[in-house]
2 protein chains.
Amino acid sequence: MSPVQEEAATARAGHRQPTVVSWLRLARVYQKVQQRTQRHLRQFGLTTAQFDVLAQVGSAEGLSQQELARRLLVTKGNVCGLVDRMADAGLVVRRADPDDRRAHRLELTDQGRQLYAVAVPSQEALIAEIFGGLDRDEQRALQAMLRNVDHALDADA
Amino acid sequence: MSPVQEEAATARAGHRQPTVVSWLRLARVYQKVQQRTQRHLRQFGLTTAQFDVLAQVGSAEGLSQQELARRLLVTKGNVCGLVDRMADAGLVVRRADPDDRRAHRLELTDQGRQLYAVAVPSQEALIAEIFGGLDRDEQRALQAMLRNVDHALDADA
DNA sequence: TATTGTTATACTCTATAACTATA
DNA sequence: TATAGTTATAGAGTATAACAATA
């Protein structure tokens with residue numbers, strides 16, 4: 001934010017409930033990181049949603065689409081389309097689950113694993129750069145507050 | 001998050017850089033609030049993007065589309081389409097800028113102002129509920145940390 | 001030349017819901 | 001009956017870029 005925008009934001013913030021200000025700032029940060037991430041991941045030919053799939057499947061191979069949907073907070077229908085596109089791109093495969101003939105288990109292809117090995121550290125380095133201005137205690141405090149809000153969202157669902 | 005999911009998330013988090021954990025938690029909270037907001041705003045016939053336009057124009061009538069694009073972190077092309085839809089819905093109007101014949105100034109219609117008067121407080125109440133678990137000091141700390149990250153994003157743009 | 005706004009393209013993601021096949 | 005996955009629909013949002021009018 002430019003100094004001018006920063007000042008304007010603060011002025012506007014002055015009239016608002018603290019909770020609303022917290023949310024606006026959080027949303028702003030999210031959107032900016034999202035956009036930066038999007039540009040960053042383009043070098044790997046990935047969208048942010050595809051990166052999330054790659055990261056999840058890569059760190060827990062064999063998970064079901066249902067489980068993936070739960071982790072990504074999207075519907076199973078959306079996951080199906082996402083997996084379709086990534087299978088077309090040769091990054092993931094669906095394997096039949098021997099114990100449940102309805103289910104598929106998701107795995108990365110060799111190509112997917114190679115991309116995982118490069119893209120995930122690269123993306124994490126970007127995040128480290130962006131969030132690196134907060135020291136360890138601040139990270140902990142930030143995470144604790146976000147957990148608090150997360151739980152409030154589950155409580156009065 | 002269920003206790004099981006919470007535990008799983010914490011276990012996974014243990015292997016990761018603190019910055020990455022912070023980002024994952026932030027993204028998770030954002031997405032959940034976004035989804036909740038989406039459902040909440042449906043009663044007013046608004047998408048979240050349209051609500052953002054309503055809130056911005058309502059609190060700063062006469063702003064240009066360019067300025068609106070800057071505030072919403074989207075392109076002017078996107079704003080054009082958004083404003084189109086909201087003008088079709090009878091919520092905003094484009095007025096010619098007397099000082100700059102290229103520009104438009106955005107205003108709410110009477111109907112838009114009525115909706116603003118109802119939807120904005122309602123949405124703010126929802127946010128207050130979600131973020132209300134944090135006390136005043138925590139809100140301040142959260143906002144300060146988010147500002148820190150926001151500035152980091154501007155620094156190495 | 002730079003800026004405001006418009007238009008057009010193409011794609012991804014999303015919500016929603018009906019559908020199948022298994023369990 | 002419930003669950004895993006698929007498919008279809010419809011829409012919104014986005015990036016990107018070319019374009020017109022005006023500054």
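Naming: A, B, ... by sequence-line order, numbering from 1 per chain.
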Identify, with sequence neighbours excluded, every residue that meets side chain to side chain contact (heavy atoms under 4.5 Å, CB included) alongside [X].
X        : value
A:Val93  : A:Arg95, A:Glu107, A:Thr109
B:Gln34  : A:Trp23, B:Tyr30, B:Thr48
B:Thr47  : B:Ala49, B:Gln50
B:Glu138 : A:Met145, B:Leu134, B:Asp135

I'd like a table of atom pairs between the protein and nucleotides 6-10 of chain C - only N or O on both sides, under 3.5 Å - with the distance next to each one.
from, atom 1, to, atom 2, distance (Å)
C:dT6, OP1, B:Arg94, NE, 3.2
C:dT6, OP1, B:His104, ND1, 3.3
C:dT6, OP2, B:Gln65, OE1, 3.0
C:dT6, OP2, B:Gln65, NE2, 2.8
C:dT6, OP2, B:Arg94, NE, 3.4
C:dT6, OP2, B:Arg94, NH2, 3.2

- Query: Does OP1 or OP2 of C:dA15 have a side-chain N or O of B:Gln35 closer than 4.0 Å?
  - Reply: yes
- Item | B:Arg42 side-chain N/O to C:dT16 phosphate OP1/OP2 under 4.0 Å | yes
- Task: Output yes when a side-chain donor or acceptor of B:Thr37 lies under 3.5 Å from a complementary backbone atom of B:Val33, and no otherwise.
- Result: yes
Listed pairs, N/O of protein and of nucleotides 21-23 of chain D, under 3.5 Å:
from, atom 1, to, atom 2, distance (Å)
D:dA23, OP1, B:Arg101, N, 3.0

- Message: Just to be sure I understand the rule, does B:Thr75 reach a base, reach only the sugar-phosphate, or reach nothing, if contact means heavy atoms closer than 4.0 Å?
- Response: base
- Looking at every strand, decide which applies to B:Val79 at a 4.0 Å heavy-atom threshold: base, sugar-phosphate, or nothing. nothing
Ion pair check, [X] and [Y], cut-off under 4.0 Å:
X        : Y        : value
A:Asp88  : A:Arg85  : no
B:Asp100 : B:Arg105 : no
B:Asp150 : B:Arg147 : no

- Message: For A:His40 and A:Ser122, which I'm curious about, is there any donor-acceptor pair between the side chains at under 3.5 Å?
- Response: yes
Starting at atom [atom1] of [X], determine the distance to atom [atom2] of [N], rounded to an integer number of angstrom.
X        : N      : atom1 : atom2 : value
B:His40  : C:dA15 : NE2   : C1'   : 19 Å
A:Arg85  : C:dT14 : CZ    : C1'   : 10 Å
A:Gln34  : D:dT14 : CD    : C1'   : 11 Å
A:Leu82  : D:dT7  : CG    : P     : 15 Å
B:Arg105 : C:dT4  : CZ    : C1'   : 12 Å
B:Arg39  : D:dA12 : CZ    : P     : 19 Å
B:Asp88  : D:dA12 : CG    : C1'   : 14 Å
A:Gln66  : D:dT6  : CD    : C1'   : 12 Å

- From the list D:dG13, C:dT4, C:dC13, which nucleotide is the closest neighbour of the side chain of B:Thr47? D:dG13
